Amino acid sequence: MPNSERELRVVLAQPRGFCAGVERAIEIVERALKKFGPPIYVRHEIVHNRRVVEDLRRRGAIFVDELDEVPPGATTIFSAHGVARVVEEEAGRRGLAVIDATCPLVAKVHNEGRRYAAQGREIILIGHAGHAEVEGTIGQIPGRVYLVQTVEDVERLEVADPERLAYITQTTLSVDDTRDIIAALTARFPSIKGPDVRDICYATQNRQSAVRVLAETVDAILVVGSQNSSNSNRLREIGAGLGKPAYLIDDASALDGAWFEGISTLGVTAGASAPESLVQEVIAGIRRFRPIRVETLAGVEENVRFRFPRELADPEPGEAPLAEAAP
Ligand code: 10E
Ligand code: SF4
């Protein structure tokens with residue numbers, strides 16, 4: 001039987017896709033559109049997913065890179081990745097009505113960094129240069145913050161006082177790479193304080209563990225997510241690092257028939273910012289190349305939920321629901 005007619009086993013990772021911080025951030029934009037009416041300004045992509053951004057744009061969200069693109073007084077949402085203090089201050093100066101969609105687990109890292117700085121320690125942030133979360137975290141901590149991305153960076157680092165140091169990390173890093181960098185830091189600066197890999201959030205850790213299990217049972221891996229999504233890239237890298245061809249794709253239009261030739265099992269996962277609807281579209285797209293049988297791996301059940309900002313909170317029992325904007 002030609003390969004194109006043989007059934008392909010498609011195995012879905014569990015958990016995959018939306019984390020609690022992403023669900024909250026997207027719902028903040030949706031609730032703001034409903035309560036205040038369009039346009040609602042959003043600084044930076046609310047989450048790094050093309051489909052999510054396109055969908056919210058169609059519904060009246062305007063995405064900007066910087067606040068000088070927002071008219072004075074307009075309702076403005078900060079993305080889930082967080083912002084620097086200077087951005088908050090600029091919003092205050094321009095009289096913007098800010099709603100902060102920073103994930104509480106990113107805000108927790110900001111607090112941790114500020115606490116270490118208040119103890120007189122210099123901070124080392126483990127993270128990727130230029131990433132929105134990294135720029136926000138550096139800009140939330142008073143004083144000097146050194147960014148390290150690799151073990152080699154740790155070796156080159158010059159600090160003011162090796163006895164007064166602390167490290168924190170980006171929330172979406174590779175757990176394994178970060179362990180190596182922390183080991184290099186503690187070897188070079190034995191009195192450094194830090195959270196081990198606990199700043200890497202639960203969702204990142206769970207999705208990385210799940211893709212590792214997946215990689216053991218499949219011939220190739222698809223990660224649904226956008227190219228600028230850090231956590232999605234880490235999932236693809238883990239698959240590739242375990243010797244499986246691994247592809248990061250935005251949607252079904254990126255599928256390539258050559259990927260499915262000569263394999264019998266395909267693993268599918270999704271980054272924390274990728275909607276399940278995209279996963280389902282990708283599965284439908286695979287059917288264009290091969291008949292498939294879909295199954296889901298057993299995995300951790302997540303039930304994390306975060307509270308909404310005060311302006312958009314759920315009504316208390318007996319209170320009227322969120323008012324709709326006038327048409
Ligand atoms: O590029 P990232 O993985 O940081 O972001 P994302 O928008 O793809 O996924 C959500 C993760 C956030 C907001 C960072 N903690
Ligand atoms: Fe929050 Fe983690 Fe999701 Fe980032 S990946 S938004 S830190 S839950």
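As the structure is a computational prediction, the values presented were derived from the model and not from experiment. Quick note: residue numbers are just sequence positions, from 1. Remember, it's 1-based here, ligands and their atoms both numbered in the order they're listed.
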Report task. For ligand 1, indicate whether the residue E133 contacts it via side chain, backbone, both or neither (heavy-atom separation under 4.0 Å). Result -> side chain
Query - Which of the ligand 1 atoms, numbered from 1, are nearer than 4.0 Å to a heavy atom of A80 - result: 13 (C)
Report task. Decide, yes or no, whether a salt bridge links R234 with E237 under the criterion of side-chain N to carboxylate O below 4.0 Å. Result -> yes
Query raised in the report: Hey, is R188 close enough to E155 for a salt bridge, meaning N to O under 4.0 Å?
Result: no
Requested in this report: Ignoring hydrogens, just give me the one of C19, G21, C201 whose non-hydrogen atom is nearest atom 3 (Fe) of ligand 2.
Outcome: C19
Query raised in the report: Which of the listed options, V109, V106, N231, V134, holds the heavy atom that is closest to atom 3 (O) of ligand 1?
Result: N231
**Report entry** Sub-4.0 Å atoms of ligand 2 with respect to non-hydrogen atoms of C103
**Finding:** 1 (Fe), 6 (S), 7 (S), 8 (S)
Query - Shortest protein heavy-atom distance from atom 10 (C) of ligand 1, along with the residue and atom involved - result: V22 CG2, 3.5 Å
Report summary line: Among V47, V109, T171, closest by heavy atom to atom 4 (Fe) of ligand 2 is T171
Query raised in the report: Is the closest heavy atom of E45 to ligand 1 under 4.0 Å?
Result: no
Query raised in the report: Using a heavy-atom cut-off of under 4.0 Å, does the side chain or the backbone of Q170 touch ligand 1, or both, or neither?
Result: neither
Report summary line: The answer for which part of N49 has a heavy atom under 4.0 Å from ligand 1 is neither
Query raised in the report: Just checking, any donor-acceptor pair under 3.5 angstrom between side chains of S253 and D251?
Result: yes
Report task. Among all protein heavy atoms, pick the one closest to atom 7 (O) of ligand 1 and tell me residue, atom and distance. Result -> H48 N, 2.6 Å
Query raised in the report: Are any of the side-chain nitrogens in R16 or E276 under 4.0 Å away from the carboxylate oxygens of its partner?
Result: yes
Query raised in the report: Who's closest to atom 11 (C) of ligand 1 heavy-atom-wise, of I46, L173, T172, V47?
Result: T172
Requested in this report: Look at atom 15 (N) of ligand 1 and find which of N228, T171, V52, L105 reaches it with the closest heavy atom.
Outcome: T171
